[in-house]
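Report on one structure; see the data block that follows.
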There are 2 protein chains.
Amino acid sequence: MYLWYARGGAGGGPFLVMVMESDLQIAKQSATLRVKVEETLRQAIAKGRFKPGQRLVERELCEMLGVGRTSVREALRQLEAEGIITSFPHKGPVVSTITYEEAAQLYTVRALLEGFAGQQFAENGTAQDIATLQAAVVEFEAAAGSGVGSRLIDAKNAFYNCLMDGSKNVFVRQLLTSLHNRINLLRMTSMTQPGRLAHSVAEIKEIAEAIKNRNGPLAAAACKHHIDQAAKVALEYLRKNAVNES
Amino acid sequence: MYLWYARGGAGGGPFLVMVMESDLQIAKQSATLRVKVEETLRQAIAKGRFKPGQRLVERELCEMLGVGRTSVREALRQLEAEGIITSFPHKGPVVSTITYEEAAQLYTVRALLEGFAGQQFAENGTAQDIATLQAAVVEFEAAAGSGVGSRLIDAKNAFYNCLMDGSKNVFVRQLLTSLHNRINLLRMTSMTQPGRLAHSVAEIKEIAEAIKNRNGPLAAAACKHHIDQAAKVALEYLRKNAVNES
DNA sequence: GATTGACAGATTGTCTGATAATCAGTTTAT
DNA sequence: ATAAACTGATTATCAGACAATCTGTCAATC
C-alpha cells in the first residue's frame, strides 16, 4: 500500500518515492521537489557535508541531486533568504561564513528572543505544553547520559521546538528558527566541549522548572543564562580556532 | 554621460536603465534582473498595488514585468521566504494575509527587538550615528508638518534604518527588516489615524533624546512604548474593520 | 620585471518551449 | 443526488540555448 512517483531523468538515476505511512496519515506527499531539495541542502550544510565558504556549483548540485536547474536554483534562493548561503552575482552561492563578531551578535539576539519565548511560555503555555516540555527535558537528560551524539541533537531540537511552540507566537518561532539555522553554520555544538554538557542539562532543568512554576521573569532569565553560557563556550572556541576567512 | 541597456521584451515595454553617477561611482549596475523583480514586487505589495489574499499568477507577472518565468519564479521564492507572500503547491502564491492575533504577535516581537535596538544604540552607537538619528528626527517632524504622505513614509523609514544601524547588530537589522515588511501587509500606517501623528513625533523625540543621553534602559523603554502605542492604534483599527479572510 | 590588454574556459543569468501533475469547475452517468 | 469523468487553467519541472560575467593565462608593452 504505497504510492510512488518516478521521474525518468536522462541519467536514468533519480526518482522519488513517497510512502504511505502505516497509520491513517498520508505522508506529506505534497512536498514539492523544490522543497525536498531545500531540505536536503539545509541538512547537508547543517551536518557539515558542505562547509562554510565552500562554493555550491549549480551543475554539480543538479547531478548530485538528480534534479533540474529550476529546482536547484529556486531552492538556493530560499536558502539565500534564510541566510545560510550567500551569493554574489555571476559568481554563484557559497555556504555563508560567520565572523566572530557576527557570532557574538547572533547569540545576543538569540538570548533575547529565547528569553522572551521562555517568559511567554511560563505565562501563556498550556498544561499540555508544560508536560511536553518536561518530557523533552527527561529525554534530553537521558540522551546526555547515553553519549549518542545524534540522539542528543534530536533531544535538543525537540526541547527548543517545544519551547518555541509554548511561546504561542509564530514570529518568535520563525525568527528563532532562522537564528538556529545560522548557528549551525558554526559547526560547533557548544555541547561538545568538556564539562559543558552537564551544565547544559542543569540549565535546561532550571528553565523547565521556572516555566512549570509559571514564573515568567525567572524563566526568561534562565533561558537567557542558558544561551549566554553556550555563547561563552562557543565564542571562546571560535577565538582559539580563529576560522576567519574573507 | 550614461549607459543604458534595453531588453526587447515581446510586449515592447520593459527596459532597464543604468545611469552613471556624476561622481566616480558607477551606479550599481550589478543588480541582477531577479533582484529588480523582487524589489518591484515588494514595492507593489507594500504600496497596496497587490492586496493581501490576491493571487499572483506567474504568467501575468511575466507579462506585466516583461521578464521570463525564471526570474519571476526565483523572485517569488525570495518573497515567500520573507513571508510577504504565501504559496500553496500547485496553486501558486498569494499575498500573505495576517490575522488579528498574528498582528498582535508581530507587534509584540517588534517591540522587543526594537527596544533592544534602541538600548544597544544608546550604549554602543557612535557620535556619528547619533547625529544621523537627530537629523532623521528633524526631517520626520518636518515631514509630519508638510502633510505629504510619501515624504512621511520616507522619513519614517530613514529613522528606523538609522535606529537599526545604530544597534550594531546585523541580525537585529535583518529580523526587524523582515518584521517591518510584514507589517506593511496590514496596509495601515497607524499614522493615518487622527491624532496619532503628533504622538508619534513626540515618542520618536523621546527615543532620540534617551539615546543622545546614552541612557540605554530609557531608550529601550521609549522604543517599546512607541511600538506599543502604534500597535494599539493598528490593532484597534483591525478589530473594527475585521479583515479576516481565510 | 611589472603592468596592461587580449583571449579562452567556466559558470551564472535569463529566455523559451515542452510535458506532466494538479486543481477547480462542469458535465455526465448511475 | 451523488459519484465519476472530462476540461481548462495553472503550476512544477525539465532541457536546451545564448548572452553576460568572472577568472586565470599568456603575450605585448613600457
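Quick note on labels: first sequence line is chain A, next is B, and so on, each numbered from 1.
Using a 4.0 Å cut-off between charged side-chain N and carboxylate O, Arg77(A) and Glu80(A) make a salt bridge.
Remark: C1' of dA20(D) and CZ of Arg34(B) are 15 Å apart, rounded to the nearest angstrom.
Residue Arg73(B) is classed as a base contact, given a heavy-atom separation below 4.0 Å to a base. Contacts of Leu76(B) with the nucleic acid, taken as non-hydrogen atoms under 4.0 Å apart, are absent.
Taking the ring centre of Tyr160(A) as origin, the terminal cationic atom of Arg110(A) falls inside the region bounded by 6.0 Å and 45° from the ring axis.
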Contact list (N/O, under 3.5 angstrom) for nucleotides 5-9 of chain D vs protein:
none

Kindly give the atom pairs (protein nitrogen or oxygen, nucleotide nitrogen or oxygen) under 3.5 Å for nucleotides 23-25 of chain D.
| residue | atom | partner | partner atom | Å |
| --- | --- | --- | --- | --- |
| dT23(D) | OP1 | Lys91(A) | NZ | 3.0 |

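A donor and an acceptor atom never sit less than 3.5 Å apart when one is taken from the side chain of Arg69(A) and the other from the base of dG16(D).
Between dA12(D) and Thr70(A), no contact under 4.0 Å exists linking OP1 or OP2 to a side-chain N or O. Using a 4.0 Å cut-off, some side-chain N or O of Ser71(A) falls inside it from OP1 or OP2 of dC14(D). Contact annotation: Thr32(A) reaches the phosphate of dT13(D) (side-chain N/O to OP1 or OP2, under 4.0 Å).
Using modelled atom types and a 3.5 Å distance limit, the side chains of Gln174(A) and Arg182(B) yield a donor-acceptor pair.
Side-chain N or O atoms of Ser96(B) include one that pairs as donor or acceptor with a backbone N or O of Ile84(B) at under 3.5 Å. Side chain of Asp129(A) to main chain of Thr126(A): a donor-acceptor pair is present (N/O by atom type, distance under 3.5 Å, no hydrogens or angles).
Residues Arg55(B) and Val35(A) each lie close to DNA chain D; by heavy-atom proximity, the contact nearer the 5' end of the strand is made by Arg55(B).
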